[in-house]
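FYI, the numbering just counts along the sequence from 1.
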Amino acid sequence: MRLIVAVLLLLFCYGLKASDEVALAVVTEEWRPFNYTDDNGVIVGRSTTKVKAILDSLGYKYDIRSYPWTRAMRMAENDENTLIYSIFRTPEREHKYQWVCPLMAPVKVYLFHLATRDDINVTSLDDAKNYVISVGRNARSHETLLEKGFIEGQHLDVSADPSAELRKFLAGRVDFLVQSEWEMSESLKGVERHYTDVVRSLEVANVSDRSACIAFSKKTDKEIVNRVQAALDKYNKKFGLE
């Protein structure tokens with residue numbers, strides 16, 4: 001009897017150890033200032049700092065990598081023990097992931113146009129359908145504009161490469177670029193341009209009113225998801241939601 005108890009205890013302890021040693025794959029995209037790769041090739045940013053702090057507090061092993069957004073979403077949807085950040089929780093995405101929210105406060109995003117474009121005049125998003133908007137593939141702003149009747153190839157120039165979006169915009173090959181103010185400022189600095197070179201136009205509604213989250217694949221142990229949610233709640237209570 002003692003032998004059986006000892007074996008069961010050993011198996012139980014091994015199970016706990018195996019659970020503790022689960023390695024998480026963490027995926028994200030290039031989205032300054034929240035998650036991006038610095039000059040040393042390290043993924044940093046405000047959201048990254050928060051995700052690292054949470055996972056470190058739980059003792060999980062993890063590896064963070066940056067991918068084009070569509071690929072990152074696909075990996076987080078299909079791969080075991082995988083999480084993605086910073087991702088907006090939407091009705092279309094709800095059933096695809098296990099959600100841990102909120103990671104960050106809502107971020108306002110806008111249509112920007114070049115200051116030299118005195119031919120652009122919009123007072124509503126419907127007016128913007130007379131122009132071409134550069135937008136990231138499967139970004140929340142992309143989904144929102146599609147919901148509002150914008151058509152790819154007609155109103156929307158869709159790209160999986162943020163740097164390509166900026167190049168097209170500055171070259172005048174598209175009329176608008178969708179970004180946050182901080183993101184636009186940093187993007188322009190990176191190519192030695194100035195914020196005064198652009199004009200902030202309309203806010204893209206239904207994007208700015210949503211908080212971004214962490215999302216786990218459905219193939220991730222629910223206990224891991226629950227622990228991360230509890231750690232995130234504790235972090236937000238202590239430091240506030242930014």
Is there side-chain contact between [X] and [Y], with heavy atoms separated by less than 4.5 Å?
X	Y	value
Lys50	Leu232	yes
Val199	Leu114	no
Phe176	Val135	no
Val109	Gln179	no
Lys61	Val22	no
Tyr131	Val122	yes
Met73	Ile84	yes
Tyr85	Met104	no

* To do: Report the C-alpha separation of Arg65 and Asp63 in whole Å, then their side-chain angles, then the decisive distance to 0.1 Å, and conclude whether the salt bridge (charged side-chain N to carboxylate O under 4.0 Å, His left out) test is met.
  => CA-CA 7 Å; Arg65 301 200 176 188; Asp63 178 43; 2.7 Å; yes
* **Test side-chain contact (heavy atoms from CB on, under 4.5 Å) applied to Val178 and Thr144, Leu202, Leu111, the passing residue** => Leu111
* From Ile224, Leu55, Ile64, Val228, residue fulfilling side-chain contact (heavy atoms from CB on, under 4.5 Å) relative to Leu83 -> Leu55
Examine the side chains of [X] and [Y] and answer whether a donor and an acceptor come within less than 3.5 Å of each other.
X	Y	answer
Asp161	Ser163	yes
Asn138	Thr70	yes
Asn78	Lys219	no
Tyr235	Ser57	no

Determine the minimum heavy-atom distance between [X] and [Y], stating which atoms define it.
X	Y	answer
Ile87	Ile214	CG2-C, 4.3 Å
Glu92	Lys96	O-CE, 3.8 Å
His142	Glu152	NE2-OE2, 2.8 Å

* Asked: Please walk me through it: do Leu146 and Leu156 pass side-chain contact (heavy atoms from CB on, under 4.5 Å)?
  -> CA-CA 9 Å; Leu146 289 175; Leu156 302 178; 3.9 Å; yes
If only atom types and distance count, is the side chain of [X] paired as donor or acceptor with the main-chain N or O of [Y] below 3.5 Å?
X	Y	result
Ser185	Glu181	no
Gln229	Cys101	yes
Thr220	Asn81	yes
Gln98	Ser217	yes
Tyr195	Trp182	no
Asn236	Leu241	no
Glu29	Tyr67	no
Asp38	Gly41	yes
Lys108	Val204	no
Lys129	Phe150	no

* Step-by-step side-chain contact (heavy atoms from CB on, under 4.5 Å) determination, His155 to Leu145 -> CA-CA 9 Å; His155 311 119; Leu145 292 171; over 6 Å; no
In Å, rounded to the nearest 0.5 Å, how long is the span from [atom1] of [X] to [atom2] of [Y]?
X	Y	atom1	atom2	value
Leu24	Asp79	CG	CG	12.5 Å
Asp56	Lys52	CG	NZ	8.5 Å
Tyr97	Cys213	OH	SG	12.0 Å
Met184	Leu166	CE	CG	7.0 Å
Glu30	Glu183	CD	CD	10.5 Å
Leu188	Asp197	CG	CG	6.5 Å

* Give the C-alpha distance, both sets of side-chain angles, the deciding distance and a yes or no for side-chain hydrogen bond (donor to acceptor under 3.5 Å, both in side chains) between Ser159 and Glu165. => CA-CA 7 Å; Ser159 174; Glu165 292 178 60; 4.9 Å; no
* Answer yes or no for Arg200 and Tyr110: cation-pi contact, defined as NZ/CZ to six-membered ring centre under 6.0 Å and angle to ring axis within 45°. => yes
* Excluding sequence neighbours, so at least two apart, what forms salt bridge (Lys or Arg N to Asp or Glu O under 4.0 Å) with Arg74? -> none
Applying a strict under-4.5 Å side-chain criterion to I, L, V, M, F, W and Y, I'd like to know whether [X] and [Y] cluster together.
X	Y	answer
Leu177	Leu170	yes
Val191	Phe169	yes
Trp99	Val27	yes
Tyr36	Val42	yes
Ile43	Met75	no

* Can you establish whether the number of heavy atoms outside Arg117 located under 6.0 Å from its atom CZ is more than 12? => yes
* **side-chain contact (heavy atoms from CB on, under 4.5 Å) between Ile120 and Asp175, worked out** => CA-CA 8 Å; Ile120 292 180; Asp175 303 307; 4.2 Å; yes
* Step-by-step side-chain hydrogen bond (donor to acceptor under 3.5 Å, both in side chains) determination, Ser86 to Asn35 -> CA-CA 8 Å; Ser86 309; Asn35 24 264; 2.8 Å; yes
* Arg93 with Glu77: basic N within carboxylate O range, under 4.0 Å -> no
